Amino acid sequence: MNRLFIRESQGRLTSEVGNPIDKVNIAVTGLGQNVGTTFVASSLAFYFAEKGNNLTFTQCLTPSRSNGLLYDAVAMDQRFHSRTFVDFYDLIKDGKPIKDKKNIESGINWRLPTPWDCEKKLDLDQEQKSRLIQGARSQICVYDFEVEEDWDKFLLDMDVILVVVDPLPSKLIRHSGRFKQLKQMELAGAKVKWLVNRVNAGINRRQVSGYLKSNDLILIEEFPIEAVYADEFFCRFHWQNHEIRCKLMDIFTKVSHEMDVL
């Protein structure tokens, strides 16, 4: 597909706080599939990077079952056309070192599965998944977790777990078992925040709050579908869409304050 990538000026990254942050691991996972987890995780990474934090973004998924990649959505092949994009999944499968390997773009180190990983079905076993996660080295490490039992085993290793929820009743009902599992983690002491995505005027917020057993939900309004499509056609991260960025800024500021670890 012949999309044209034009690099936008990023400006200088600045920090609102002078004190350095110790390493913080943030997991972003979904209550189910296709709820906007990658949208939230990648945008959150940009939010913290713009505060001057050293940041690594890791996408944790199973290539053989993937039906869409962030790598493709933001045209990483064009962004790295004159540079080598480090394929962490391939290196780990081959047992090669990944220390100090980086894919810096827009001030963030992107550790993403590639289309070639999907073609070759480079699924990581549990030990290899552990290498991928433990290999992230930054002040803030954001992990975009696929909804899968083997990946869920790493959630309790995180400092914060952000659960992205689509409030459509049929989706909530369909994933009631996963909700119970994540709620048990929260009740056991894990720091879990619930982000309700795609909020619109048709949603009964009281019912959603009651189902999730929380009065402290973070709501993300539904963005126009044409804006989401336009971002991909222009090879943009959603955060680079001015309208989306402005609306997410206040939301993520609230998220960062409620995390306590930042």
Side-chain angles (χ1 to χ4, degrees), residues 25-47 57-74 110-113 118 123-124 129 132-133 141-187 190-200 203 205 207-209 211-214 216-223 225 228 231-232 237-239 244 248 251-252 255 258-259:
N25 292 318
I26 303 172
V28 183
T29 188
L31 188 57
Q33 301 283 0
N34 303 315
V35 298
T37 305
T38 299
F39 163 73
V40 171
S42 60
S43 298
L44 189 67
F46 271 98
Y47 171 83
F57 178 96
T58 304
Q59 194 169 31
C60 304
L61 54 74
T62 302
S64 68
R65 293 198 293 270
S66 175
N67 57 8
L69 294 175
L70 181 60
Y71 181 100
D72 290 328
V74 299
W110 300 94
R111 305 163 82 234
L112 310 175
C118 296
D123 299 349
L124 306 181
K129 289 175 181 175
L132 177 69
I133 291 170
C141 297
V142 175
Y143 300 88
D144 175 10
F145 278 103
E146 179 183 49
V147 175
E148 184 185 271
E149 183 179 353
D150 285 343
W151 286 114
D152 285 347
K153 294 175 182 177
F154 297 99
L155 291 178
L156 290 177
D157 295 329
M158 302 289 124
D159 296 297
V160 182
I161 304 170
L162 303 183
V163 183
V164 183
V165 180
D166 186 320
L168 195 66
S170 58
K171 288 192 174 183
L172 294 176
I173 294 168
R174 175 68 180 83
H175 298 292
S176 59
R178 179 167 178 77
F179 167 70
K180 292 177 182 178
Q181 174 193 359
L182 294 169
K183 198 66 179 180
Q184 285 174 354
M185 291 184 186
E186 181 181 21
L187 294 174
K191 189 178 293 296
V192 178
K193 302 301 298 182
W194 301 88
L195 280 70
V196 181
N197 194 23
R198 301 168 183 164
V199 172
N200 58 68
I203 291 170
R205 300 187 182 188
Q207 286 190 24
V208 174
S209 179
Y211 179 89
L212 297 175
K213 296 180 173 59
S214 174
D216 188 29
L217 303 178
I218 295 171
L219 307 179
I220 301 176
E221 72 175 65
E222 186 170 32
F223 293 102
I225 192 65
V228 176
D231 288 343
E232 284 208 21
F237 288 94
H238 294 306
W239 183 260
I244 291 177
L248 288 179
I251 294 170
F252 287 161
V255 170
E258 292 187 3
M259 283 181 183

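We're numbering straight along the sequence, starting at 1. If you're wondering where the values come from, they're calculated on a predicted model, not measured in any experiment.
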Open item on the list: What verdict does the side-chain contact (heavy atoms from CB on, under 4.5 Å) test give for Met158 and Tyr143, after you've listed the backbone C-alpha separation in whole Å, the side-chain angles of each residue and the deciding distance to 0.1 Å?
Closed with: CA-CA 9 Å; Met158 302 289 124; Tyr143 300 88; 3.5 Å; yes
Can you name the nearest heavy-atom pair linking [X] to [Y], along with the distance?
{"X": "Asn25", "Y": "Asp157", "value": "ND2-O, 4.3 Å"}
{"X": "Pro113", "Y": "Tyr71", "value": "O-CB, 3.7 Å"}
{"X": "Leu132", "Y": "Gln59", "value": "CD2-O, 4.3 Å"}
{"X": "Gly30", "Y": "Leu182", "value": "O-CD1, 4.5 Å"}
{"X": "Val147", "Y": "Gly32", "value": "CG2-O, 3.5 Å"}
{"X": "Lys183", "Y": "Leu212", "value": "NZ-O, 3.1 Å"}

TODO: Tell me, with the steps shown, if Ile244 and Asp231 meet side-chain contact (heavy atoms from CB on, under 4.5 Å).
DONE: CA-CA 10 Å; Ile244 291 177; Asp231 288 343; 3.7 Å; yes
Roughly how far apart are [X] [atom1] and [Y] [atom2], rounded to 0.5 Å?
{"X": "Glu221", "Y": "Asn197", "atom1": "CD", "atom2": "CG", "answer": "10.5 Å"}
{"X": "Ile251", "Y": "Leu44", "atom1": "CD1", "atom2": "CG", "answer": "11.5 Å"}
{"X": "Leu162", "Y": "Phe252", "atom1": "CG", "atom2": "CZ", "answer": "8.5 Å"}
{"X": "Leu70", "Y": "His238", "atom1": "CG", "atom2": "NE2", "answer": "8.5 Å"}
{"X": "Glu146", "Y": "Cys60", "atom1": "CD", "atom2": "SG", "answer": "9.5 Å"}
{"X": "Met185", "Y": "Lys191", "atom1": "CE", "atom2": "NZ", "answer": "16.0 Å"}

Task: Asp123 side chain to Thr62 side chain, donor-acceptor N/O pair below 3.5 angstrom - done: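 Checked: Asp123/Thr62 side chains show no N/O donor-acceptor pair below 3.5 Å.
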- [ ] Specify whether Trp239 and Tyr47 have parallel, tilted or perpendicular ring planes, treating 30° as the upper limit for parallel and 60° as the lower limit for perpendicular.
- [x] perpendicular
Open item on the list: Once you measure the plane-to-plane angle for Trp110 and Phe237, does it fall in the parallel (<30°), tilted (30-60°) or perpendicular (>60°) bin?
Closed with: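 Trp110 vs Phe237 ring planes: parallel.
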Less than 4.5 Å apart, side chain to side chain, heavy atoms only: is that true for [X] and [Y]?
{"X": "Phe223", "Y": "Leu248", "answer": "yes"}
{"X": "Lys129", "Y": "Trp151", "answer": "yes"}
{"X": "Val165", "Y": "Lys171", "answer": "no"}
{"X": "Ile161", "Y": "Thr29", "answer": "yes"}
{"X": "Leu31", "Y": "Leu172", "answer": "yes"}
{"X": "Glu258", "Y": "Ile218", "answer": "yes"}
{"X": "Ile133", "Y": "Thr58", "answer": "no"}
{"X": "Gln181", "Y": "Asp152", "answer": "yes"}

Task: Step-by-step side-chain contact (heavy atoms from CB on, under 4.5 Å) determination, Arg198 to Ile203 - done: CA-CA 9 Å; Arg198 301 168 183 164; Ile203 291 170; 5.9 Å; no
- [ ] Could you note down all residue pairs passing ring-ring contact (aromatic ring centres under 6.0 Å, His included) where residues 166-186 supplies at least one of them, sequence neighbours left out?
- [x]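 Checked against ring-ring contact (aromatic ring centres under 6.0 Å, His included) - neighbours excluded - the pairs reaching residues 166-186 are Phe179-Trp194, Phe179-Tyr211.
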Open item on the list: Can a donor-acceptor pair be found, under 3.5 Å and without considering hydrogens, that links the side chain of Ser43 to the backbone of Phe39?
Closed with: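 The answer is yes, because a donor-acceptor pair under 3.5 Å joins these two groups.
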Task: Derivation and outcome, side-chain contact (heavy atoms from CB on, under 4.5 Å), residues Ile220 and Val196 - done: CA-CA 6 Å; Ile220 301 176; Val196 181; over 6 Å; no
